[in-house]
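One structure is given here, and the rest of the page talks about it.
Values below: all heavy atoms of this structure, side chains included; hydrogens, waters and symmetry mates excluded.
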Amino acid sequence: GRQLALESVHPNPFRDRARLLFTLPAAGDASVLVHDLAGRRVRSLHEGPLPAGGHEVAWDGRGEDGSRMVPGIYFVRLAVAGEATGRRVVLLP
């Protein structure tokens, strides 16, 4: 059947805004979180219930406090119903 997938991050690398497209195989409480390479959570892009199907969120390269994150590699983690997947994203200066 269909599975949890973070299909694309575009553009990647990005400067101002990255669009993240993902698909949930079933409705559930989903989280889309951005972590730095040390594993620290720097931003929550979504936390809460979502229906099954395709979704899109965006990251503007900023942390929870609104400040611009340092350029480098980050990891976007999508989790729902005990399943998780992720992708690296590169933030340019």
Tell me, which pairs form a salt bridge (Lys or Arg N to Asp or Glu O under 4.0 Å) where one or both residues lie in residues 79-93, sequence neighbours left out? none
Do you reckon [X] sits in the same ILVMFWY cluster as [Y], going by side-chain contacts under 4.5 Å, direct or chained?
X: L33; Y: M69; answer: no
X: V34; Y: V70; answer: yes
X: V42; Y: L6; answer: yes

If we check side-chain contact (heavy atoms from CB on, under 4.5 Å) with V9, which of these qualifies: L21, V76, V89?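 Running side-chain contact (heavy atoms from CB on, under 4.5 Å) over L21, V76, V89 with V9 returns exactly one hit, V89.
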Heavy-atom side-chain contact between F22 and V57 under 4.5 Å: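 Yes, side chains in contact.
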What distance do [X] atom [atom1] and [Y] atom [atom2] have between them, rounded to the nearest 0.5 Å?
X: E64; Y: R41; atom1: CD; atom2: CZ; result: 6.0 Å
X: R40; Y: Y74; atom1: CZ; atom2: OH; result: 9.0 Å
X: H10; Y: L20; atom1: NE2; atom2: CG; result: 11.5 Å

Results of side chain to side chain donor-acceptor pair (under 3.5 Å) for E56 - residues two or more places apart only: R19
Walk me through whether F14 and L91 qualify under side chain to side chain contact (heavy atoms under 4.5 Å, CB included). CA-CA 5 Å; F14 79 102; L91 176 61; 3.7 Å; yes
For [X] versus [Y], what's the shortest heavy-atom pair and its separation?
X: A18; Y: P11; answer: CB-O, 3.9 Å
X: R43; Y: R62; answer: NH1-O, 2.9 Å
X: A30; Y: L50; answer: CB-CD1, 4.0 Å

Partners meeting ring pair (Phe, Tyr, Trp, His ring centres under 6.0 Å) with H46 (sequence neighbours left out): none
Backbone of V90 reached by a side-chain donor or acceptor of N12 within 3.5 Å: yes
Yes or no on side chain to side chain contact (heavy atoms under 4.5 Å, CB included) for L24 and L4, after CA distance, side-chain angles and deciding distance? CA-CA 5 Å; L24 301 183; L4 184 67; 3.4 Å; yes
